[in-house]
Amino acid sequence: MEKENCDCLSNEAKLLHTSYPAKDVHNALSMPVYNAVAYEFETAAQMELAFTGKSPEHVYSRISNPTVQYFERRIKELTSAAEVISFNSGMAAIANAIMTVAYAGSNIVTSPHLFGNTYSLLAYTLKSFGVEARFCDLTKPDEVKAKIDKNTCALFLEIITNPQMEVADLCMLSDICKTYDVPLIADTTIVPFTVFHAADFGVDIEIVSSTKYISGGATSLGGLVIDYGSFDWQHSQKLNYLINQTTLSAFSAKMRMEIHRNFGACMTPQVAHMQTIGLETLSVRYERAAKTCKCLAEQIKKLPDIVSVNYPTLPEHPYYDVSQRQFGEYAGAMFTFDLASREAAFSFIDNLKLIRRATNLFDNKTLAIHPASTIFGTFTEETRRSMDISQNTIRISVGLESTDDLYNDIVQAIR
Ligand SMILES: *Cc1c(COP(=O)(O)O)cnc(C)c1O
């Protein structure tokens, strides 16, 4: 049995030690994987209580599972959130969060600088359900304010956009959200919650693709919705009827009791087990990869064939100050750089010997990709231009190799 936690523990300790809800019959040191679909009851009366939410027993693993619940509980302790709900991918977390707040006739204010599938979800998928994505420049407060109206159900953003590396000024944007009573929903996948405390910057709902850093080296897909309980849902036309009906916020109540179970995109116990172990090494891996990323960005800037390097901790970066304020010494373990042409970018990718040609972020291995022809490859050139996706850009997701080995591979691939 692990120790009971108290507030005095550091994040490093909390990553490793979160007590289990009940003692394991075999004293297993790690939370067992409950590979069960159904849970048995002694009486009809007990079943009624559990199925109507009046007692906390698990009833069916799509709705809740002990191993998954334990993973959510660890994240809740780490982030001091009001509620954490896990999903089977980052996209499922985003889609479910939006389905919780959006309604036909509502709109979401966001930037065209988004992860490709998120852009597609907002621009195309939700459109046919009567939900409008209002794209604007989130670095311009007046543009943002002009897009918000009484049917705005959320301001949605990514804290550092990929591959543009635009850093959201969260204090400025959360002030606007507070003025207009709009919840701020942020995809924070790029910087883990062990170093970036989203709630301190006014984020109401945090979304993480746990496939990336948390999974512990691309072991599994997963997503998290982290509700800080900070938004007053009285201001939501869709959720205000739920105020004071449960101990959860109206958002988490709607998500837990309806959206999460109806769409069925639940995390599996096997994944929760792997990601719980991934969580234990999150701080150490992030620090190592982010430090290497920063060093590499500084070093390759000096190479003659590199037109520009894009990483927010470089002093000349347009978002240097806001990045330092929000994320500290490092701004994630991903950077991009531009070569002279699409041909030069393709040839660079083809020449790599150590760095792998693959799409993912924060694998233990360093990965390279040409975003314009892959992640954004099915968009029209016009849409790509509106998203500021250049044919000359290479994206590097930095893993755990040494800086020297990675630098040497980049140098030889450019030549
Ligand atoms: C990968 C990623 C997603 C999607 O997550 P999946 O787990 O692949 O579904 C969403 N947002 C960002 C910023 C990502 O990097």
Side-chain angles (χ1 to χ4, degrees), residues 68 71 75 84-99 108 110-123 125-126 133 138 154 156-168 170 185-193 196 198 203 205-226 260 263-268 270-272 274-275 278-279 282 286 289-290 293 310 312 326-327 331-336 358-363 366-369 371 374-377 387-389 393 395-399:
V68 175
F71 175 61
I75 311 245
V84 174
I85 304 180
S86 59
F87 291 88
N88 60 5
S89 71
M91 279 319 299
I94 294 169
N96 278 260
I98 289 177
M99 294 310 253
I108 296 162
T110 189
S111 160
H113 297 169
L114 288 173
F115 177 66
N117 296 142
T118 306
Y119 180 91
S120 172
L121 171 76
L122 294 177
T125 313
L126 291 173
L138 294 184
F156 181 92
L157 56 81
E158 291 172 11
I159 52 169
I160 303 178
T161 70
N162 160 14
Q164 306 87 356
M165 308 295 253
E166 177 185 302
V167 181
L170 293 168
I185 305 184
D187 178 339
T188 67
T189 301
I190 296 283
V191 186
F193 42 63
F196 169 61
V203 172
I205 307 290
E206 176 173 14
I207 301 181
V208 181
S209 164
S210 57
T211 312
K212 311 294 165 55
Y213 291 116
I214 295 170
S215 73
T219 63
S220 49
L221 290 157
L224 298 164
V225 174
I226 303 171
H260 172 268
F263 283 101
C266 54
M267 179 174 275
T268 63
Q270 295 84 353
V271 168
M274 284 189 276
Q275 300 205 352
L279 203 55
L282 173 64
Y286 175 71
C293 181
N310 198 351
Q326 294 175 172
F327 314 122
M334 174 194 81
F335 71 100
T336 68
T359 186
N360 192 10
L361 292 175
F362 321 129
D363 196 309
T366 297
L367 311 178
I369 196 162
T374 55
I375 301 165
F376 299 93
M387 300 162 89
D388 295 310
I389 304 295
T393 304
R395 182 184 91 185
I396 306 280
S397 163
V398 178

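This one's a predicted model, so the numbers in the text were calculated from it and none came from an experiment. Ligands are counted one by one from 1 in listed order, and the atoms in each one are counted from 1 as well. We're numbering straight along the sequence, starting at 1.
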At what distance is the nearest protein heavy atom to atom 7 (O) of ligand 1, and which residue and atom is it? Thr211 OG1, 2.6 Å

My understanding is that we take every heavy atom of each candidate and find the minimum distance to atom 10 (C) of ligand 1. Doing that for Asp187, Ile375, Leu114, Thr189, which one comes out nearest? Asp187

Can you tell me if Thr366 uses its side chain to pair, donor with acceptor, with the backbone of Gly399 under 3.5 Å? yes

Among all the protein's non-hydrogen atoms, which is closest to atom 6 (P) of ligand 1, and how far away is it? Gly90 N, 3.3 Å

Gly222 heavy atoms within 4.0 Å reach ligand 1 at atoms 7 (O)

Extract all donor-acceptor atom pairs below 3.5 Å that involve side chains of residues 185-193 and protein atoms in other chains or at least two apart in sequence.
from, atom 1, to, atom 2, distance (Å)
Asp187, OD1, Thr189, N, 3.0
Asp187, OD1, Thr189, OG1, 2.7
Thr188, OG1, Glu206, OE2, 2.6
Thr189, OG1, Ser209, N, 2.9

Does the N or O separation between Met91 and ligand 1 drop below 3.5 Å for any pair? yes

Measure the distance from atom 5 (O) of ligand 1 to every protein heavy atom, then report the residue, atom name and distance (to 0.1 Å) of the closest one. Ser209 OG, 3.0 Å

Under 3.5 Å between any N/O of Glu158 and any N/O of ligand 1: does that happen in this structure? no

Return the residue, atom name and 0.1 Å-rounded distance of the protein heavy atom closest to atom 1 (C) of ligand 1. Lys212 NZ, 1.4 Å

Which pair of heavy atoms, one from Arg395 and one from Asn360, lies closest together, and at what distance? NH2-O, 3.5 Å

Of the side chain and backbone of Leu361, name the one, both, or neither that has a heavy atom under 4.0 Å from an atom of ligand 1. side chain

If only atom types and distance count, is the side chain of Tyr213 paired as donor or acceptor with the main-chain N or O of Asp363 below 3.5 Å? no

N/O donor to acceptor pairs below 3.5 angstrom from side-chain atoms of residues 111-123, sequence neighbours left out:
from, atom 1, to, atom 2, distance (Å)
Ser111, OG, His113, N, 2.8
His113, ND1, Glu166, OE1, 2.7
His113, NE2, Asp388, OD2, 2.5

Counting only N and O atoms by type, is there a donor-acceptor contact under 3.5 Å from the side chain of Gln275 to the main-chain atoms of Phe71? no

With a cutoff of 4.0 Å, is Ala93 in contact with ligand 1, counting heavy atoms of the residue only? no

Pairwise side-chain contact, Gln164 with Asn310, heavy-atom cut-off 4.5 Å (strictly under): no

Would Phe115 count as being in polar contact with ligand 1, using the rule that some N or O on each side must be under 3.5 angstrom apart? no

For the side chain of Ser210 and the backbone of Gly223, is there at least one donor-acceptor N/O pair under 3.5 Å apart? yes

